[in-house]
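What follows is a single structure, written as structure tokens, with notes after it.
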Amino acid sequence: MASKPSFWLMKSEPDAFSIDDLERVGREPWDGVRNYRARNFMRDEMKVGDGVLFYHSNAKPPGVIGLARVSRESFPDHTALDPDGKYHDPKHSEEEPRWFMVEVEFVEKFQSIVSLDQLKSDEGLDGMLVAMKGQRLSIQPVERSHFTRVIKLGKGATKIGTFKR
DNA sequence: GCCAACGTTGGC
DNA sequence: GCCAACGTTGGC
């Protein structure tokens with residue numbers, strides 16, 4: 001029996017990497033995360049096939065813009081090795097990696113963004129982390145019911161079954 | 001181990 | 001551009 005998938009929300013600034021960028025490249029390693037809680041989710045909990053709400057932050061408006069899926073599990077974030085890169089961390093090495101990432105693949109772009117305003121006001125989304133005050137974490141777990149509700153609000157054609165594994 | 005200072009995130 | 005809410009750093 002396959003284990004049940006989990007659900008996540010991942011934030012990205014569209015100026016840096018948007019849902020359109022993900023659609024174009026198909027798959028993308030989620031590099032550059034330098035927050036321990038977010039790292040732990042990627043390193044310890046995110047599995048191939050898990051559903052991902054792709055969130056545009058620092059956008060007008062901010063909100064969930066589409067769907068992705070975890071396509072590869074935890075592996076070291078090599079951008080931490082590059083001394084000239086902005087994600088460099090001298091405490092990270094090949095022998096003792098400190099930072100990890102997953103790879104995500106494009107599933108679909110919503111017909112319309114599910115804005116943060118909608119996320120906050122929808123009764124079906126009570127308690128969703130991203131809509132709560134002060135919640136800045138760039139990778140967050142999402143409850144199944146919230147995940148399916150956001151898909152409905154986005155009028156996505158994707159069925160929940162897409163995320164079985 | 002505490003906590004002030006500093007840096008970052010991200011909505012507004 | 002402002003600033004609230006965190007997270008990290010480093011002195012002690």
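Labels below follow one simple rule: chain letters A, B, ... track the order of the sequence lines, proteins then strands, and each chain is numbered from 1.
With sequence neighbours excluded, no residue satisfies salt bridge (charged side-chain N to carboxylate O under 4.0 Å, His left out) with A/K11. For the side-chain hydrogen bond (donor to acceptor under 3.5 Å, both in side chains) test, residues two or more places apart in sequence or in another chain that qualify with A/S71 are A/E103. The side chain to side chain contact (heavy atoms under 4.5 Å, CB included) search around A/N35 returns A/R37, A/A38, A/L137, not counting sequence neighbours. Every residue meeting the ring-ring contact (aromatic ring centres under 6.0 Å, His included) condition with A/H56, not counting sequence neighbours, appears here in chain and number order: A/F54.
Judged as a ring-ring contact (aromatic ring centres under 6.0 Å, His included), not a single pair has a partner in residues 124-143 of chain A (not counting sequence neighbours). Pairs passing the side-chain hydrogen bond (donor to acceptor under 3.5 Å, both in side chains) check and including a residue from residues 13-24 of chain A, sequence neighbours excluded, read A/E13-A/N58, A/S18-A/D21, A/D20-A/K109, A/D21-A/R24. Screening residues 116-129 of chain A for side-chain hydrogen bond (donor to acceptor under 3.5 Å, both in side chains) gives A/D122-A/R149 as the qualifying pairs, with residues at least two apart or on separate chains.
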Summary of protein contacts for nucleotides 6-12 of chain B, nucleotide by nucleotide, where a base hit scores B, a sugar-phosphate-only hit scores S (4.0 Å, heavy atoms): --BBBBS
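Contacts of residues 80-98 of chain A with DNA chain B (heavy atom under 4.0 Å): none.
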